[in-house]
Amino acid sequence: MHATPFAERIASLPKAELHLHLEGSIRPAVASALAARHGMKLPEEEVRRRYAYTNFAGFLDAFKWVTSFVREPGDFALIAADLAEQLLAQKVVYAEVTLSVGIMFLRQQQPEANFAAIVRATEPFEKRGLRLNWIFDAVRQFGSEAAMRVVQSARRCGSRRIVAFGIGGDELSLATKEFRGVYERAEEYGFHRLIHAGEIGGPEKIREAIEILGVERIGHGIAAIHDVGLMETLAERKIPLEICPASNLRTGALDVQLGKSAATIEEHPLAEILRHGVAVTIATDDPAMFHTSLEEEYRNAWRIGLTEEEMAGVVENGFRFAFGKVS
Ligand SMILES: [Zn+2]
């Protein structure tokens, strides 16, 4: 008789997720409901069509498009509660969720009001066993001044639930050093620091983020595979990579890093990076937009060739590298 693959057994384990965007978790039905709240008709089919892309620019466009329906604090409450249900259904007991505060400012919203609504909507889930903390995220291509506004906003919220500051978006757009002052300020205010790097950019983007910005975790970081010295540094300093296999496949980041087209999930460098001693966590990034779930990502890890022992270590890392208190 076949043993149950470990990836299947993961479903029953309590899990933590550390790289997950609230705005990337909007399921087609929820997007339709949001549009309806604002008097627009948006068929779920159209959302599904928009959630298909062949490259990173296409993904960023879709992200911008779907967030255009998230306009008021009540909209944020709706999507946050829906995400919490999705997480509980997968036995996720702890998550650090990224909020695109840079986009809120772009749309002239009040991040503090949005955040208060999100906390009100998700606090009741603690009684059901799900603890959520939050990461305030700036958009790299919007520049350092906009990023500083995000840090200031995180401070104004004055909430212990905001555990970190980060930057996402187009990592090829602006030089890392432009954000030095922003990260210094985030540290001064007591926030942990992380960044999306080495997703479509090269290993130097990861190195710069560590050396110049002092980040403690790297979003994606799969470009590390090209630089053994960098992988040694990551291992020594215990800086984990938050790896999101389905995301890398669907944004074309995997093709970029492997220098080919139509790369398959089995070719993902996750196993190789792990075997260089680098700590790794597994996450969904934007589960609705990448048609994935945390359980599916563990199945992906299995397809990539992780052993049971390695998978168990990765599950543990989700708790070990959390910035906030996990229980
Ligand atoms: Zn991300």
Side-chain angles (χ1 to χ4, degrees), residues 16-26 51 53 55-67 70 79-80 83 86-87 92 95-104 106 132-142 147 150 162-174 176 179 192-201 205-206 209 213 215-224 239-254 256-257 268 270 273 280-294 296-297 300 317-318 321-323:
E17 174 149 26
L18 303 183
H19 189 127
L20 167 64
H21 298 261
L22 174 65
E23 301 85 348
S25 72
I26 304 171
Y51 280 0
Y53 8 76
N55 58 40
F56 199 76
F59 158 68
L60 288 181
D61 278 349
F63 191 88
K64 221 170 151 186
W65 172 78
V66 75
T67 55
V70 192
I79 62 175
L83 172 61
Q86 293 177 48
L87 292 172
V92 173
E96 288 175 2
V97 186
T98 296
L99 297 179
S100 199
V101 177
I103 299 261
M104 293 180 195
L106 179 75
L132 294 177
N133 281 323
W134 304 90
I135 297 166
F136 269 37
D137 202 46
V139 180
R140 188 165 182 140
Q141 62 269 30
F142 294 175
V150 173
I162 303 171
V163 291
F165 165 77
I167 291 185
D170 181 1
E171 64 173 306
L172 306 179
S173 63
L174 288 169
T176 306
F179 299 96
H192 289 283
R193 281 104 41 226
L194 71 176
I195 196 165
H196 286 63
E199 179 181 14
I200 55 168
K205 296 284 178 197
I206 303 170
L213 308 179
V215 298
E216 301 153 85
R217 290 197 322 233
I218 301 280
H220 300 289
I222 55 174
I239 298 173
L241 304 184
E242 305 153 356
I243 292 189
C244 312
S247 164
N248 297 155
L249 186 74
R250 303 226 155 87
T251 59
L254 193 56
V256 169
Q257 296 299 345
H268 195 288
L270 164 63
I273 290 172
V280 162
T281 71
I282 286 181
T284 57
D285 204 4
D286 301 286
M289 302 189 73
F290 299 132
H291 322 286
T292 192
S293 65
L294 196 53
E296 179 59 21
E297 296 298 352
N300 281 333
N317 282 348
F321 291 100
F323 289 144

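Atoms within a ligand are numbered from 1 in the order they appear, just like the ligands themselves. The residues of the chain are indexed from 1 along the displayed sequence. In this text, all values refer to a predicted model and were calculated from it rather than measured experimentally.
Under the 3.5 Å distance criterion, with hydrogens and angles disregarded, no donor-acceptor pair is assigned to the side chains of N300 and H268. No side-chain N or O of H196 forms a donor-acceptor pair with one of D137 less than 3.5 Å apart.
Looking at Q257, its side chain does come within 3.5 Å of a backbone N or O of G201 through a donor-acceptor pair.
Backbone or side-chain N, O or S atoms of H19 reach the Zn ion (ligand 1) at under 2.8 Å. Using a cut-off of 2.8 Å, one finds that E242 contributes no N/O/S atom close to the Zn ion (ligand 1). Residue contacts to the Zn ion (ligand 1): H21 brings an N, O or S atom closer than 2.8 Å.
Looking at D285 and the Zn ion (ligand 1) together, the shortest N, O or S contact belongs to OD1.
Side-chain contact between L132 and L87 is present, with heavy atoms from C-beta onward closer than 4.5 Å.
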